[in-house]
**Student:** 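Structure provided below as structure tokens; questions to follow.
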Amino acid sequence: MERIIEEIREDLYRRLAPVADRLADRTLAEDPAYAALLGRAELRERIHHNLRQAVEGLARSLRGLPVDLSDARATGTLRAEQGLPLASLLRTYRRGGRLLWQTLTEAVTAYDRAALPRLLPGANALWDVLDQLTDAVAEAYRRTESLRGERDRERRAALLDVLLDGAADGPAAPEAAAQLGLPERGRFAVVAVGPGGPALLPGAAPATRSASGVAGVAAGGGAAASGVASAGQGSGSGPRVLWRIRADGETGLVELGHHPLESVRELLAPFGVRAGVSPVVEAPAELARARGLAALALRTAPASMSVSGGPYTVLLDERLPAALVAAQAELAARLRQVVLGPVLELPAEDRRVLLTTLGTWLACQGSTIHAAQRLYCHRNTVSNRLRRMERLTGRSLADPAHVVELALAHAAVVQRAAAEPGPARPGQGRGPGLGPDGRAIPLPRPGDPAARRSSPTPAGTARRSPRPRA
């Protein structure tokens, strides 16, 4: 086999020229990616060179020498940098391999038809060489693409930092926005997501992916490893979100377009994440301030779906009283001590019951009946607990000013608990009825011993009260 290849090599090289012509023409006609990247002369020259390299590789392999893969690696690197799809590159290599085998058999037949059977054992050697060349080009392509994607992600992260952190002044924000494809004027918001929640961007992604919603596309690459990802408006069903992922949580730059701010909550709802959303701003230069407001909103969000029925994701404009408390740590501490100090000094179980009841009553807009339904107890039990709260705090729930104080103090307790680590289970985490130690307060459920202890009637049932509601 080795002697045959040497004897027909010059004729084989001559036959490769028209083969390269045919393959170049077919590639340009059938593959738009190649047609947009290379002219016919350049593509034909490269194909011809690769076919000659395969013949050289076969000759070296038959002599027991390693195949030279440097050209294949260089081709893979170049095409990755040029942005040619890997599928297009490998398709051309496979077609070239089939044409090379056909040309080789034609050359052997023309040289000595009787020698054709001796060519067959060399088929394995040829396809092994072609496999090595194809693997080398693919590995170099993927390695270059990975490095390129990492550079792009780092660049995108830096651009997002300029906007979200206010990392630079002057024209930096408009320039960063332009490079991220954001308009100079529009409707933007920022969403802050706390650490420890489910991943917003499920699964690793290729360098470009396109979708609407949370798992979307970024022109720069995979989300989880990079710290940057994007959700696009490919289908127009949701706003575009550029995510900046850090150890302390995730921050999303939302380009709302015509979508309402509420659409951000709808976008995050399937993931069950605890998040805060800023008000709408109109210019990229305002996004750093919006990020601070989103972080403030996050501090007011319930740590889990709680007895209050509140959502995980909150809009700042819906939580302004609680945001006032969150923004003033020293005053929040005074509120807890001055308004709820006597309650916080109670034994843990009593404190849990009273704070849970107060939080539920506030969430139910002052309805003892609705609070009792959520707490699985009789409304008289709720009334008795609230009267005890009034006695301990010296504040009347019939006085609107006192209700405001109690609501703000309760928010201060919840926020302190949510900011401290503690166990939380779905449906039970740190909610409106938390203790000041930061630990989750179990919420009564039908059949729970706690529910039976706190209710004079069987859990989940109701009976007529001898006292009408005032």
**Student:** Tell me, do Val191 and Trp243 make a side-chain contact under 4.5 Å, heavy atoms counted?
**Tutor:** yes

**Student:** Grab the two heavy atoms, one from Ala288 and one from Asp165, that are nearest each other, plus how far apart they are.
**Tutor:**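 So the two residues come closest at CB-C, 4.1 Å.
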
**Student:** Can you name the residues that form a salt bridge (charged side-chain N to carboxylate O under 4.0 Å, His left out) with Arg79, not counting sequence neighbours?
**Tutor:**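 Arg79 satisfies salt bridge (charged side-chain N to carboxylate O under 4.0 Å, His left out) with no other residue.
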
**Student:** Does Arg299 use its side chain to pair, donor to acceptor, with the backbone of Ala323 at less than 3.5 Å?
**Tutor:** no

**Student:** With rounding to the nearest 0.5 angstrom, report the CG to NE2 distance, Leu335 to His410.
**Tutor:**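 If we round to the nearest 0.5 Å, Leu335:CG and His410:NE2 are 13.0 Å apart.
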
**Student:** Find out whether Leu163 and Leu242 are in side-chain contact, i.e. whether some heavy atom of one side chain is under 4.5 Å from a heavy atom of the other.
**Tutor:** no

**Student:** What pairs meet the salt bridge (Lys or Arg N to Asp or Glu O under 4.0 Å) rule with one or both residues in residues 45-54, with sequence neighbours excluded?
**Tutor:** none

**Student:** Within the side chain of Thr356, is there an N or O that forms a donor-acceptor pair under 3.5 Å with the backbone of Val353?
**Tutor:**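 Answer holds: no.
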
**Student:** To the nearest 0.5 Å, what is the distance between CG (Leu315) and CD (Glu262)?
**Tutor:**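 Atom-to-atom, Leu315:CG and Glu262:CD are 5.5 Å apart.
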
**Student:** Rounded to the nearest 0.5 Å, what separation is found between the CG atom of Leu23 and the CD1 atom of Ile47?
**Tutor:**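 The distance works out to 4.0 Å.
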
**Student:** Which pairs pass side chain to side chain donor-acceptor pair (under 3.5 Å) with one or both residues in residues 180-193, sequence neighbours excluded?
**Tutor:**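 Those involving residues 180-193 are Arg185-Glu282.
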
**Student:** Kindly say whether Ala140 contributes a backbone atom to a donor-acceptor pair with the side chain of Arg73 at under 3.5 angstrom?
**Tutor:** no

**Student:** Applying side chain to side chain donor-acceptor pair (under 3.5 Å), name anything that partners Arg155, two or more places apart in sequence or on another chain.
**Tutor:**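 Partners of Arg155 under the side chain to side chain donor-acceptor pair (under 3.5 Å) test: Gln179.
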
**Student:** Are Arg151 and Glu154 within salt-bridge range, i.e. N to O under 4.0 Å?
**Tutor:**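 No, this pair does not count.
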
**Student:** Suppose the criterion is salt bridge (Lys or Arg N to Asp or Glu O under 4.0 Å): which pairs have a residue in residues 95-105, not counting sequence neighbours?
**Tutor:** Glu30-Arg95

**Student:** Mind listing the closest non-hydrogen atom pair of Leu362 and Ala407 along with its distance?
**Tutor:** CD1-CA, 3.8 Å

**Student:** Any idea which heavy atoms bring Asp317 and Pro279 closest together, and the distance?
**Tutor:**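 Result for this residue pair: OD1-CG, 3.7 Å.
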
**Student:** Suppose we screen for side chain to side chain donor-acceptor pair (under 3.5 Å). Which residues come up paired with Arg94, at least two apart in sequence or across chains?
**Tutor:** none

**Student:** Identify the two heavy atoms, one from Leu293 and one from Ser278, that lie closest to each other, and give their separation to 0.1 Å.
**Tutor:** CB-CB, 4.2 Å

**Student:** Are side-chain heavy atoms of Leu344 and Leu355 found at a separation under 4.5 Å?
**Tutor:**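 Leu344 vs Leu355: side chains touch.
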
**Student:** Scan residues 329-340 for pairs that pass side chain to side chain donor-acceptor pair (under 3.5 Å), counting only residues two or more places apart or in two chains.
**Tutor:**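 Those involving residues 329-340 do not exist here.
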
**Student:** Are the side chains of Leu104 and Ile8 in contact, using a 4.5 Å heavy-atom criterion?
**Tutor:**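 In short, these two side chains touch, coming nearer than 4.5 Å.
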
**Student:** Compare all side-chain heavy atoms of Phe188 with those of Pro183 and state whether any distance is below 4.5 angstrom.
**Tutor:**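 Answer yes - side chains close enough.
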
**Student:** Could you walk me through whether Val343 and Leu358 pass the side-chain contact (heavy atoms from CB on, under 4.5 Å) test, one step at a time?
**Tutor:** CA-CA 11 Å; Val343 177; Leu358 175 61; over 6 Å; no

**Student:** Name all pairs fulfilling the side chain to side chain donor-acceptor pair (under 3.5 Å) condition that reach into residues 125-138, sequence neighbours left out, sorted by first residue then second.
**Tutor:** Asp128-Gln132

**Student:** Who passes side chain to side chain donor-acceptor pair (under 3.5 Å) against Ser263, sequence neighbours left out?
**Tutor:**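 In terms of side chain to side chain donor-acceptor pair (under 3.5 Å), with neighbours along the sequence ignored, Ser263 is linked to no residue.
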
**Student:** Before giving the answer on side-chain contact (heavy atoms from CB on, under 4.5 Å), spell out for Leu43 and Arg40 the whole-Å C-alpha distance, their side-chain angles and the decisive distance to 0.1 Å.
**Tutor:** CA-CA 5 Å; Leu43 177 59; Arg40 183 187 185 280; 5.9 Å; no

**Student:** If you take all heavy atoms of Leu408 and Pro321, which pair is closest and at what distance?
**Tutor:**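 It is CD2-O, 3.6 Å.
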
**Student:** For Val190, is there any backbone N or O sitting under 3.5 Å from a side-chain donor or acceptor partner on Arg291?
**Tutor:**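 Side chain of Arg291 to backbone of Val190, a donor-acceptor pair under 3.5 Å: no, none is there.
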
**Student:** So, the side chain of Tyr34 versus the backbone of Thr27: is there a donor-acceptor pair under 3.5 Å, distance only?
**Tutor:**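 No.
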
**Student:** Step by step, work out the side-chain contact (heavy atoms from CB on, under 4.5 Å) result for Thr300 and Leu320.
**Tutor:** CA-CA 9 Å; Thr300 74; Leu320 291 176; over 6 Å; no

**Student:** Mind checking side chain to side chain donor-acceptor pair (under 3.5 Å) for Arg60 and listing every partner two or more places apart, or none if nothing turns up?
**Tutor:** none

**Student:** Less than 4.5 Å apart, side chain to side chain, heavy atoms only: is that true for Thr75 and Tyr93?
**Tutor:**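 Result yes, sub-4.5 Å side-chain heavy-atom pair found.
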
**Student:** Looking only at heavy atoms, what is the nearest atom pair of Ser61 and Val129, with distance?
**Tutor:** CB-CG2, 3.8 Å

**Student:** Quick one: pull up CZ in Arg246 and CG in Leu160 and give me the separation to the nearest 0.5 Å.
**Tutor:** 9.0 Å

**Student:** Quick one, Asn50 with Thr92, criterion side-chain contact (heavy atoms from CB on, under 4.5 Å). Give me CA distance, side-chain angles, the key distance, then yes/no.
**Tutor:** CA-CA 11 Å; Asn50 290 341; Thr92 302; over 6 Å; no

**Student:** Nearest 0.5 Å, what's the CD-CG distance between Gln53 and Leu133?
**Tutor:** 8.0 Å

**Student:** Would you say Gln415's side chain and Ala326's backbone share a donor-acceptor pair under 3.5 angstrom?
**Tutor:**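 Such a contact is found between Gln415 side chain and Ala326 backbone.
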
**Student:** Quick one: list whatever passes salt bridge (charged side-chain N to carboxylate O under 4.0 Å, His left out) with Arg15, sequence neighbours left out.
**Tutor:**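 Salt bridge (charged side-chain N to carboxylate O under 4.0 Å, His left out) check on Arg15 returns Asp11.
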
**Student:** How far does CG of Leu12 sit from CG of Leu100, to the nearest 0.5 angstrom?
**Tutor:** 6.5 Å

**Student:** Would you call Arg26 and Asp31 a salt bridge, using N to O less than 4.0 angstrom?
**Tutor:**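 So Arg26 does not pair with Asp31 through a salt bridge.
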
**Student:** Would Arg148 and Glu145 count as a salt bridge (charged side-chain N to carboxylate O under 4.0 Å, His left out) here? Give the steps.
**Tutor:** CA-CA 5 Å; Arg148 179 187 175 194; Glu145 185 181 44; over 6 Å; no

**Student:** What residues, two or more places apart in sequence or in another chain, satisfy salt bridge (charged side-chain N to carboxylate O under 4.0 Å, His left out) together with Arg289?
**Tutor:**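 Listed in chain order: Glu286.
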
**Student:** Decide yes or no for Leu84 and Leu38: does some side-chain heavy atom of the first lie under 4.5 Å from some side-chain heavy atom of the second?
**Tutor:**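 Leu84 does not reach Leu38 side chain to side chain.
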
**Student:** In plain terms, say whether Arg142 and Glu139 are close enough for a salt bridge, that is, a side-chain N and a carboxylate O under 4.0 Å apart.
**Tutor:**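 No, this pair does not count.
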
**Student:** Could you tell me if the side chain of Leu58 sits less than 4.5 Å from the side chain of Leu130, heavy atoms only?
**Tutor:**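 Side-chain contact under 4.5 Å: no.
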
